[in-house]
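Structure first, then comments.
Chain letters run A, B, ... following the sequence lines, proteins first and then strands; every chain starts at 1.
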Protein chains: 2
Amino acid sequence: MAMRPETDDESKPQDGPHPSRRQGKPRGRPRSFDRETALERAILAFWEHGYEATSVSDLTRVMGIGAPSLYAAFGDKRSLFEEVVRAYGARYGSFGDRALAEEPTARAAVERMLREAAAGYTEPGRPHGCLVLHAATNCTTPEVEESLRERRNADIAAIESRIKAGIAAGELSADVDAAALARHTGAMIQGMSQQSRDGATKEELEALAELAMAIWPRS
Amino acid sequence: MAMRPETDDESKPQDGPHPSRRQGKPRGRPRSFDRETALERAILAFWEHGYEATSVSDLTRVMGIGAPSLYAAFGDKRSLFEEVVRAYGARYGSFGDRALAEEPTARAAVERMLREAAAGYTEPGRPHGCLVLHAATNCTTPEVEESLRERRNADIAAIESRIKAGIAAGELSADVDAAALARHTGAMIQGMSQQSRDGATKEELEALAELAMAIWPRS
DNA sequence: CGCATTTTATAGCGGGCACTAGAGAAAAGT
DNA sequence: ACTTTTCTCTAGTGCCCGCTATAAAATGCG
């Protein structure tokens, strides 16, 4: 698998000891790589190929470090993946939470979620679709698969809560099935993620988002 | 690796996908297992765990045969998987084609597809969701992943064709976007498959199917 | 300068992977 | 009976997996 052909352009551990690590001075030999950029490259690798299909030697190659450095800085493969999932959620997967928190109505929040998913899942220069959906399917480590499954179901539950809040606020009729509406939104987002992996364009996903909004009761 | 000594030899009793009935008796020691039931168990194993996460020793265990018997009867792991995908399509994955062929309108066909997906993806006693969707995501063998991707896109193209035929037959308005409608149906089915894997019940998926049909223009 | 501490590169560990060689076992042909 | 053909069982093959023992390198401290 062709990940990143180039590595190791810096020959020296940088003279300026990047001081943003700890308040005290580190005692031993300083780390020769930037932990954040290494983590970002691990995110991209896991995002594109998934947990199992990304081997430790794949990781050391794209992160530009040796295996002992990886284990010293991030723990074993599974704890690195957990950190990757957390960082992915903060950097790439928080558009849904933001939409739910910032938009004035549940309908507007869901519409924004779908539109941002259409754009984010097809963003050039990074893997398509959603890491939480695709990185741990068919996983031989059941705990890893289960942790992402819980995250997916929690996301749908968050949508349901927002819709219920919208009903309570009077913006939606009381006989709206919040759970079904939330599940529909989740299924659409998951379908869009799959479509983006299968080659759908941003415009096609945006048409999908617009179509999906037609089921919403007029508010 | 490519040196299997007796592959595709015409003089042998054909071990092809369907040995309907051979003319004459086979010469050597007879096979001690039923090829069809072994194949069915391989289907269930790949369906549940996916291509990569199902090892050959997993397969020999659930199929009840030794590794040499597996390789003699089915070829290597990849050709077994290809035969599994074909048999799965014929036995479990053909509800979509049947709906498209048998229902009188495109709308009725899609509605039936969604309802049968809701039931089939949550059928007790067998893996949930769709093998074509889940068995080869994050695959280190790109050809396997690609073959299922092509199958998924072909399924959506078949829906689009049926919708276009419906437009031509006058059952749908000419300004209906057949491609978008077909993609929406595909995304819904893919989302339903994911939901079923994440624990959704048949009733929840049926509510999803009903909700999804609300986007269809009244016909 | 030692000396302690931490990270680095090298090299390899045990184990599971897909796959197969070789010999025996069970049938039909002669 | 004997041969031929085909399948089954045992016991591996080499390879890659996640992971680590070891020692050299690079820093701060006295």
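Side chains of A/Thr137 and B/Thr137: a donor-acceptor N/O pair is present below 3.5 angstrom, by distance only. Side chains of B/Asp76 and B/Ser79: a donor on one and an acceptor on the other come within 3.5 Å. A donor and an acceptor atom, one from each side chain of A/Gln190 and B/Gln195, are located under 3.5 Å apart.
Contacts with DNA chain D (heavy atom under 4.0 Å) in residues 50-69 of chain B: B/Pro68, B/Ser69, listed by number.
At the phosphate of D/dC7, neither OP1 nor OP2 sits under 4.0 Å from any side-chain N or O atom of B/Ser32.
Using cut-offs of 30° and 60° on the angle between ring planes, the pair A/His184 and B/His184 is tilted.
Within 6.0 Å of CD on B/Glu210 lie no more than 12 heavy atoms contributed by other residues, nucleotides or ligands.
Atom OH in A/Tyr71 sits roughly 11 Å away from atom P in D/dC17 (whole-Å rounding). The distance from atom CZ of B/Arg35 to atom P of D/dT6 is 16 Å, rounded to the nearest whole Å. For the pair B/Leu70 CG and C/dC17 C1', the computed distance is 14 Å after rounding to whole Å. As rounded to whole Å, 10 Å separates atom P of D/dC19 from atom CG of A/Leu80. Rounded to whole Å, the distance from CZ on A/Arg78 to P on D/dC19 is 10 Å. Residue B/Phe81 contributes atom CZ, which lies 17 Å from atom P of C/dC17 at whole-angstrom precision. When rounded to the nearest whole Å, the span between CZ of B/Arg31 and P of D/dC9 equals 13 Å. For the pair B/Asp76 CG and C/dC19 C1', the interatomic distance rounds to 9 Å; values are reported in whole Å.
In this structure, A/Lys77 is not positioned above the aromatic face of A/Phe46 in the sense of NZ or CZ being under 6.0 Å from the six-membered ring centre and within 45° of the axis.
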Anything under 3.5 Å between a protein N or O and an N or O of nucleotides 23-25 of chain D, put it in a table, one pair a line.
| residue | atom | partner | partner atom | Å |
| --- | --- | --- | --- | --- |
| D/dA25 | N3 | A/Arg29 | NH1 | 3.2 |

Can you pull every protein N or O that's under 3.5 Å from an N or O on nucleotides 28-30 of chain C?
| residue | atom | partner | partner atom | Å |
| --- | --- | --- | --- | --- |
| C/dA28 | O4' | B/Arg27 | O | 3.0 |
| C/dG29 | O4' | B/Arg27 | NH1 | 2.9 |

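Of the candidates B/Glu83, B/Glu52, B/Glu143, B/Arg78 forms a salt bridge (Lys or Arg N to Asp or Glu O under 4.0 Å) with just one, namely B/Glu143.
Salt bridge B/Arg112/B/Glu102: present, at least one basic N to carboxylate O contact under 4.0 Å. Ion pairing of A/Arg61 with A/Asp58 is present here, as a side-chain N (NZ or NE/NH1/NH2) and a carboxylate O approach within less than 4.0 Å. With salt bridges taken as basic N to acidic carboxylate O contacts below 4.0 Å, one links A/Arg183 and B/Glu204.
Distance alone, capped at 3.5 Å, is enough to place a donor-acceptor pair between the A/Ser161 side chain and the A/Ala157 backbone.
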